[in-house]
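A short worksheet on the structure shown next.
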Amino acid sequence: MSLENTPAAPAPSDFIRDIVAAHVAENKYPRIHTRFPPEPNGYLHIGHAKSICLNFGIAREFGGICNLRMDDTNPTKEDIEYVESIQADVNWLISGWADDKLGLKPKGKTPEAIAGNGHRDFYLPATVPAPSPEPTVQSLEPFYASDYFDQIYDYAEQLVEQGKAYVCDLTPDETDEYRRNGKASPFRDRSVEENLALFQRMKEGEFPEGTRVLRAKIDVAAANIWMRDPLIYRIKHAEHHHTGAKWRIYPMYDFAHCLSDYIEGITHSICTLEFEVHRPLYDWILENLNLPRPLPHQYEFARLSLGYTIMSKRKLMQLVDEKLVTGWDDPRMPTICGIRRRGVTAVALRAFAYNIGITKYNGITDVSVLEYAIRDDLNKRSLRRLAVLRPIKVVITNYPEGKTEELDATNNPEDESAGKRKIPFSRELYIEQDDFKEVPPPKFFRLKPGGEVRLKYAYIIKCDEVIKDAAGNLVELRCTADLDSKSGGATAARKVKGTIHWVSVAHAVDAEVRLYDRLFTEAEPEKDGRDFKTTLNPHSLEVITAKCEPSLGGASAEHRYQFERLAYFALDLDSKPGQLVFNRTITLKDTWAKEAQKG
RNA sequence: UGUCCGAUGGUGUAAUGGUAACACAGCGCCCUUUGGAGGCGUUAUUCAUGGUUCGAAUCCAUGUCGGACAGCCA
C-alpha cells in the first residue's frame, strides 16, 4: 500500500512549532530533541497519539530526534505489559513516517558520567535505528527514567550537599497541612551531614514507607504550591518492573522528569497543560544543580478531548476490568490498539492529529473530524466489494437456471492501479433488506413493487412479485431482468434512479461481521459529574452473519475493504482460515438516512 | 481561596498592528452503475467595557466566563 508512506499533510504550524522554528533560526541548540514519555501504567490512547504526532512531527520537520522514554518512577502502578504495548503502538503509529526519528539506546546502556563545571554530571545520547534493508537484529530499547535512578540519586545528594534539600519526618497528613498553611517543617534546618546520612539510610531501606521523604528546600510560603518545599523522593518498598529489587526509594515525577530530559539532552520538553504550574519547579531543579549543558525547557499544550469518548486511563481500565469491553484492544476503545484493530490506519490517525492543531485551549473536538480523517483515508485505499449484511432473496425469473456469468467489477474507483475482478452472477441473489420497501417513502430510489433498480455491475431488474409466508413475512422477491442492460449491452445506458449491491446465493461466502458503533450515547459521557457507565451505548456492538462475494474468501488483514454502499471493514485478528471475521471500521456517509429521517 | 492558563462561526483551528480565513459539521445545487467519492455554491465568528493607534482578533487596563493544579500519582 503506497499510501502507507505518504506524508499526511503539509507540516502544520502552531505556537510550539513557532518557538522551535525560532530556536532553529537562532541556532540555539546543535539539534532539536523532543521526547515522548508515557508512564507504563496503561495503554496508549488517541490523546497520546496527538502527543506522539506533535513530538515526532517536530523531530521530522526540524531535523531532530524524538526519544521514546518510559516514565517509570512509580513501580506500584506500572507493568511490563504496558511497556510492550507502548512500544508496539508507537512503532505502528510512526511507521513509514518517522521511524528514522525514533530515539532509542543500546540495550542495557545507562548514562555516562561526564565532568564539567566542577560538578558530577551525566549524559545518555540517543541512537536512531539504522534503516535496515535486511532484517538485522538491532539491540536497541527505549529509554527508561528508571535507568537513571543512580544518577538522579546523585543529583539529589548534590542538592543536599548544597543545603537545598532535606529529609522530612512529617507524616503525609502533616505534610499536607503544613504545605497548605505555608508553614515550615520542623525538620527543615537539619544539617547537611544529618540529611546525607538519613537520605542514605532511606536508600538502604531502613525506614518504613511514609515515614520520611526528601524535600527540596525552596520557599514554604510560595504562592505556587509546587514551590512549597516539594517532595522529591519517597520510600517505597516495592519491586520495580525494570530495576527489580534494587531500590527502596523512588524519585517523584517532578524531580525525575526534568533530570531525565537533561540526561538525554532533550531541548523541548512538551507536555500537557496540567503541568504548567510545575514548570517553575522544573526550572528550579535544573538551575540549582549548576549543570553544564544547555537546559531543556518545558512547553505545554491542551490535551485532546473527543466527543463520545473518555480518555482517562483509569476509567478505560475500568471498562476492561469490568468486562464492559473485551479488552484494551476492543475496537470500540479509544486506545491506539483498539483503533488499529477497528481498521483505522496510522495515516488516518496522523492526518487527524495534524488537522486538530495544537493550542492551549481546552475544547472538545467533534468526533466528525476523526470520522472524516478515517473515511478520507479509507476511501482512497480500500478495495470495493459486494456484501449483503441483512439478506433477502431475489429470483430473476427470466434468467436461466444453472447459468453463471462472470461480471467485471472495479476494485477501487479512486485508484486505477487496484485493477478489476470478476463477480459471479446467477438466477438467485441476495439483496439488502433496506434496499426493498413494499410501501416506499418519498424519494426512495431502491427496489419497490413494480419498480426498477440497477444491480451494480449487472442488470436492471424489475420487481414483479413479493412472496410472503403464512405469517406475512417477506420470503423472496421475484424479478425480471432487462437482459440487454448489462455493461456494453443495448440498454446499458438506460437511466434508473437507484443502484443496489447484491451477492449470488450459490457463490456467497459467509462472514461474521461485527458492527461497531460509538461506545457512548452522549457527546460528553461525564457531563455534570454523571457516571460514564450510565451513558454506555447498549448497541455499540452487533454481530451478524453476512453474505459476501466469493473474492472476500481471500481477504487479508493488510487490506481495507469497502462493502459497497455500506461501510468500511477490516479483517479482525479473530479470523481463521475459512472463518472470516470483519470489523466495521466506519459506515459510509449516508445522506439517504438523513433524508429518510426528515420525512 | 491561592497560583497558573485560556476565550475567534455549531465544533476545532488560522490571521503575530493593515480586507477575519481554513477544515469539519449544516444547508442547497450539479454529477454519479456506491444516496460513497467528487464539483459548485451557501449560512454563520473576534467574551464585555474602556484605552493606545490613521488603523486592534492582535497591544494595555478592568471585568466576566471557562479550565488546570493544590497525591508520598504522572
Side-chain angles (χ1 to χ4, degrees), chain A residues 12-15 18 37-39 41 71-74 76-78 168 170-172 175-176 179-180 182 209-215 222-228 230-236 249-250 252-254 256-257 271-280 300 302-303 307 313-314 355-373 375-376 379-380 384 386 409-410 413-414 443-446 453-458 460 485-487 492-501 523 562-568 587-596:
Chain A
S13 141
D14 53 65
F15 77 98
D18 289 347
E39 184 189 13
N41 68 344
D71 200 7
D72 55 351
T73 55
N74 185 357
T76 56
K77 291 191 172 176
E78 296 155 9
C168 178
L170 254 24
T171 66
T175 310
D176 275 0
R179 289 185 79 199
R180 257 198 299 274
E209 289 187 14
T211 56
R212 283 186 168 84
V213 294
L214 186 70
R215 291 230 245 168
N224 182 342
I225 295 188
W226 288 104
M227 297 299 271
R228 318 240 261 232
L231 280 60
I232 58 178
Y233 259 97
R234 80 288 215 184
I235 298 168
K236 269 182 194 279
I249 55 173
Y250 292 91
M252 300 285 292
Y253 164 84
D254 287 297
H257 203 91
C271 61
T272 46
L273 251 23
E274 64 268 29
F275 294 102
E276 223 161 8
V277 284
H278 295 237
R279 191 176 351 118
E300 311 88 9
R303 61 163 9 121
K313 273 199 238 179
R314 207 192 89 241
N355 289 339
I356 57 177
I358 300 292
T359 63
K360 302 184 77 150
Y361 175 74
N362 275 308
I364 300 173
T365 298
D366 201 298
V367 267
S368 67
V369 180
L370 207 215
E371 293 173 344
Y372 173 81
R375 289 195 181 103
D376 188 46
N379 174 53
K380 289 178 207 146
R384 311 298 135 124
L386 300 189
T410 302
E414 303 289 323
K443 296 188 190 167
F444 184 79
F445 303 153
R446 286 113 96 145
V453 78
R454 158 79 64 181
L455 294 176
K456 178 94 180 175
Y457 299 126
I460 295 169
S485 62
K486 200 171 63 171
S487 239
R494 267 181 63 206
K495 294 288 174 205
V496 281
K497 197 69 180 161
T499 300
I500 64 173
H501 58 278
Q562 183 198 105
F563 294 179
E564 291 217 34
R565 302 208 308 127
L566 297 171
Y568 295 100
T587 60
L588 251 37
K589 248 170 72 179
D590 188 351
T591 50
W592 164 243
K594 212 180 298 176
E595 181 67 37

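Just so you know, these numbers use all the heavy atoms, side chains as well, and skip hydrogens, waters and symmetry mates. The sequence lines fix the lettering, A, B, ..., with proteins before strands; numbering per chain opens at 1.
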Identify whether any heavy atom of [X] sits under 4.0 Å from a base atom; if not, whether one sits that close to sugar-phosphate; answer base, sugar-phosphate or nothing.
{"X": "A:L588", "value": "base"}
{"X": "A:F444", "value": "base"}
{"X": "A:E414", "value": "base"}
{"X": "A:V277", "value": "base"}
{"X": "A:G210", "value": "base"}
{"X": "A:F275", "value": "base"}
{"X": "A:L386", "value": "nothing"}
{"X": "A:H278", "value": "base"}
{"X": "A:E564", "value": "base"}
{"X": "A:K456", "value": "base"}
{"X": "A:R212", "value": "nothing"}

Any non-hydrogen side-chain atom of A:R494 less than 4.5 Å from a side-chain atom of A:I460?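 Result yes, sub-4.5 Å side-chain heavy-atom pair found.
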Please confirm whether the shortest side-chain N or O distance from [X] to OP1 or OP2 of [N] is below 4.0 Å.
{"X": "A:T175", "N": "B:C72", "result": "no"}
{"X": "A:T272", "N": "B:A68", "result": "no"}
{"X": "A:K236", "N": "B:C72", "result": "no"}
{"X": "A:S13", "N": "B:A14", "result": "no"}
{"X": "A:K594", "N": "B:C27", "result": "yes"}
{"X": "A:R234", "N": "B:C73", "result": "yes"}
{"X": "A:K497", "N": "B:U32", "result": "no"}
{"X": "A:R179", "N": "B:C72", "result": "yes"}
{"X": "A:K360", "N": "B:A7", "result": "no"}

Nearest-nucleotide 5' precedence on RNA chain B, A:R279 against A:T591: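 Its nearest nucleotide lies further toward 5', so the answer is A:R279.
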Would you call A:Y372 stacked on B:A23, i.e. ring centres under 5.5 Å apart with the planes less than 30° off parallel?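 Whether judged by distance or by angle, A:Y372 falls short somewhere, so it does not stack on the base of B:A23.
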Stacking of A:W592 on B:G35 base (centres under 5.5 Å, planes under 30°):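 Yes; centroid distance and tilt both under limits.
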For A:K360, does the NZ atom sit with more than 12 other heavy atoms under 6.0 Å from it, leaving out its own atoms?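 Above 12, so yes.
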Mate of [N] where both pairing distances stay under 3.5 Å, Watson-Crick or G-U:
{"N": "B:U46", "value": "none"}
{"N": "B:C22", "value": "B:G12"}
{"N": "B:G6", "value": "B:C65"}

Does A:R179 make a cation-pi contact with A:W226 (under 6.0 Å, within 45 degrees of the axis)?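 Judged by the rule (NZ or CZ under 6.0 Å from the ring centre, within 45° of its axis), A:R179 counts as positioned above A:W226.
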Quick one: pull up OG1 in A:T175 and CZ in A:R180 and give me the separation to the nearest 0.5 Å.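 Between A:T175 OG1 and A:R180 CZ, I get 10.5 Å after rounding to 0.5 Å.
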Carboxylate-amine/guanidinium proximity below 4.0 Å for A:K443 and A:E595: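 Here A:K443 pairs with A:E595 in a salt bridge, since their nearest N and O are under 4.0 Å apart.
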Aromatic rings A:Y253 and A:H257: how do their planes relate, parallel, tilted or perpendicular, breaks at 30° and 60°?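 Because their plane-to-plane angle lies in the 30° to 60° range, the rings of A:Y253 and A:H257 count as tilted.
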Look at the side chain of [X] and decide which nucleotide, out of [options], has an atom nearest to it.
{"X": "A:I225", "options": "B:A70, B:A74, B:U33", "result": "B:A70"}
{"X": "A:Y361", "options": "B:A7, B:C72, B:G35", "result": "B:A7"}
{"X": "A:T499", "options": "B:A14, B:G67, B:U34", "result": "B:U34"}

Could you check whether the side chain of A:R565 and the base of B:G35 have a donor-acceptor pair of N or O atoms closer than 3.5 Å, going by distance alone?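 Result: no qualifying N/O pair found.
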